[in-house]
Structures are given as C-alpha cells and as structure tokens.
There are 2 protein chains.
Amino acid sequence: MSSPPHMMLENQICLSLYSATNALIRAYRPFLDPLDLTYPQYLVMLAIWDADNMSVTDICRATRLDTGTVTPLLKRLEAKGLIYRKRSAEDERRRVISLTESGELLRAPASKVPGQMACLNAVSIEEAKQIKLLAEKMYQNIKI
Amino acid sequence: MSSPPHMMLENQICLSLYSATNALIRAYRPFLDPLDLTYPQYLVMLAIWDADNMSVTDICRATRLDTGTVTPLLKRLEAKGLIYRKRSAEDERRRVISLTESGELLRAPASKVPGQMACLNAVSIEEAKQIKLLAEKMYQNIKI
DNA sequence: GTTATTTATATTGCGCGCAATATAATTGCC
DNA sequence: GGCAATTATATTGCGCGCAATATAAATAAC
C-alpha cells in the first residue's frame, strides 16, 4: 500500500529545517573544537560575553535553551574554568554567572568563528538574511 | 568589555534555525504522542511506509539520520511491535526492516499529522515553501 | 586461495532537548 | 506574623546526535 503525497519525506518542511540545522551545527565543530566548546556551549558563552553576571533564567531567555539543558551545561563550563556560579546576595535562589579570566580570554578567538563560518558560503548573504527572517517568524508564531 | 556585532546572539542565523526547528518538533509532540512516536521515529516510519523492506543504510539515507541514531531507534520501534528486523539472505550483513501489521495499522492515523500541523499556521504556505527551499539549499551546500 | 579492502551494521560514550518533579527562597495575603 | 502561591534553580530519566570504534560479511587483489 502506498502513502499519500503529504506523507512523503520529501514534503516534510521540518525535515529540511532539521537536517539543515544539524548540518550547520556540525559545520561549526571544526571551528569550535579548538576552543573546546560545543555549539550550545558557544551560544551560552556568547550570551555571557554580551552580558556578564546574568542569572540562569536570563541565559535561558537569551539563548532560548531550557533550564534542564542550561544548568548542567553551566556546570561543564564551570568545570572548564570559563565561568563561576555564585549565589545572589539579594535573592538566595538566584545564581549569578560570571566570566573568569580564562572565560574572558576565550572571547577573542571565539570572535573569529562567525567569519570562519561565513566562508562556507552555503547560501548567499541575501538568502541567509531571508532564512533567518523566516525562521524567526516561525519560532515566534509557534511559541505558546 | 563589549563584543563586536557579529558575536551578538541576535545575529546568529544558526540560533534562529536551531530554535525554530526545536519549536517545530515540540509542536509535533501533541499529535505524535497519541501515536507513541517521537519526531525522529515518525520520520523513520514515514520512510518505511513509503518503502518497505529497506536496509538500515537505506533508512539513514532517506531520513538523513545517522547509523548511531537509527540502529537503537529501530530497536525501540521493534520493541513497540511496529517493525521487525530480519537478516538478508543474500547478504548476511544487511538488516531488512519490515512493517508488522500494527505498523501498517498506524499509517492511517499518522497520515492525519501533516494536516494537523498545517493548522498551526506558523507561516504562510508561500513562506513555508521558501524556507524549505532555502533550508534544502543550505543542507546540500554544507554536505561534505 | 589467502590476504587486504570495503561495506553494513552495531556499540560506546558524552552532550543536549525536554517533560516531570523536587527543593528552597521569596512574595503576597489575611 | 503565618501560610499559600510564586519564582529560581536543580534533578531525573529517556531519546536523540554523532564521533569513534568494533565486528563481521562480502569483495578485490595478488
């Protein structure tokens, strides 16, 4: 028995997005490996480089990652000596995440990654802008 | 110290794709849960419904998933009684993956999922076509 | 025909995604 | 002040992504 067209894998928008995203994250690896960062760890470090002394919730909002993802990820970053996690004095529930000196030192080499990725030339600049715009719209409209 | 613009999270195309894809897969969940399938399992079942008696390699190619992902995934599908994995007679290295009767019975309810997802209206049909096209192009151009 | 290479699948290990649940501190309400 | 509701973070458990490695069968080379 054969399936209707809407069940064919080639017609799955989500599969296209899914495999493109996974491929893109794989493409980051050669540039992130020397920094000893995974892509989600790189996202979190970008957030912290942009705004030091954030709470876990702040980092989740900035990176769009989940608490259950970020908490152990931050522990790994702390184990690498890139950040430390102190308790807030005003609110003992909050963790304040701060850069260590090595975390700060990693900023410069990490700043080269976007340029290295751009050299892949997977799509044109115009197409990249468009796909970002559409993905953003999709993300915003799906969010509950 | 502040970061240059290309290091800002808002400028990360990959983050837009990443979070949109994760959100889309989360959006599948309410429709896939009643079928007791995860999204990657749904992808593999779509491949099998489309072409029965494929090898693991065939399924990896169709779904763009990895061997290390597909092998245990197939075992879980087998444990649910949806498929079985017999050895090929001609080539003892090959596994031939076949639908069971319950696997076949799941096809009809699964065929309703794309329509249910379409009702989310996260983006217009035209935008969906475009994002699929761009994601495909990106995927093809990244592949080594 | 034996050895080397290739091919198909499986295994291991670690990090992540995420739902569900727990813990503990803060805030609101009376 | 005392108690419920809320808020911030952490924990658990399972499935997946993927690199590295292993195993074993088929094929090629000689």
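The sequence lines fix the lettering, A, B, ..., with proteins before strands; numbering per chain opens at 1. Every value quoted in this text rests on a predicted model; they were computed, and no experiment measured them.
- Between the side chain of Trp49(A) and the main chain of Gly103(A), a donor-acceptor pair closer than 3.5 Å is present.
- For the pair Lys75(A) and dT9(D), the criterion of a side-chain N or O lying under 4.0 Å from OP1 or OP2 is not met.
- Looking at Ser55(B), its side chain never comes within 3.5 Å of a backbone N or O of Val96(B) through a donor-acceptor pair.
- Closest approach of Leu17(A) to Leu17(B), counting heavy atoms only: CD2-CD2, 3.3 Å.
- Ser19(B) and Asn22(B) share no side-chain donor-acceptor pair at under 3.5 Å.
- For DNA chain D, the neighbouring residues in residues 38-47 of chain B, judged by any heavy atom under 4.0 Å, are Thr38(B), Pro40(B), Gln41(B).
- Contact record, Met54(A) with Ala47(A): CE-O, 3.3 Å, taken as the closest heavy-atom pair.
- Near DNA chain C, defined here as any heavy-atom distance below 4.0 Å, the residues from residues 83-93 of chain A are Glu90(A), Asp91(A), Glu92(A), Arg93(A), listed numerically.
- Shortest non-hydrogen contact noted between Ala135(A) and Ala20(B) is O-CB, 3.5 Å.
- For residues 52-67 of chain B, proximity to DNA chain D is found at Leu65(B), Asp66(B), defined as any non-hydrogen atom under 4.0 angstrom from a strand atom.
- Pairing each heavy atom of Tyr39(A) with each of Cys14(B), the nearest pair is OH-CB, 3.2 Å.
- The interatomic distance linking Leu77(B) (CG) with dG15(D) (C1') rounds to 12 Å, in whole Å.
- Just one residue in the list Arg94(A), Arg87(A), Arg93(A) forms a salt bridge (charged side-chain N to carboxylate O under 4.0 Å, His left out) with Asp91(A), and that residue is Arg93(A).
- Whole-Å rounding puts the Arg94(A) CZ to dT9(D) C1' distance at 11 Å.
- Residue Lys132(B) comes nearest to Ile13(A) through the heavy atom pair CD-CG1, 4.0 Å, listed as atom of the first residue, atom of the second, then distance.
- Contacts of residues 20-34 of chain A with DNA chain C (heavy atom under 4.0 Å): none.
- Residues Asp52(A) and Glu104(A) have side chains not in contact (no heavy-atom distance under 4.5 Å, counting atoms from C-beta outward).
- A sub-4.0 Å separation between OP1 or OP2 of dA8(C) and a side-chain N or O of Arg95(B) is absent.
- Closest non-hydrogen pair, Leu134(A) versus Leu134(B), comes out as CD1-CD1, 4.4 Å.
- Side chains of Leu15(A) and Thr63(B) form no contact here, defined as non-hydrogen atoms less than 4.5 Å apart.
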Exercise for the section: Dot-bracket for DNA chain C, please, read 5' to 3', with Watson-Crick or G-U wobble pairs under 3.5 Å on both distances, ( ) within the strand, [ ] crossing, | other strand, . unpaired. Expected result: ||||||||||||||||||||||||||||||
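- Put simply, the side chain of Ser111(B) gets close to the backbone of Ala108(B): a donor and an acceptor are under 3.5 Å apart.
- Between Leu120(A) and Asn141(B), every side-chain heavy-atom pair lies at or beyond the 4.5 Å cut-off.
- Qualifying salt bridge (charged side-chain N to carboxylate O under 4.0 Å, His left out) partners for Glu127(A), counting only residues two or more places apart in sequence or in other chains: Lys137(B).
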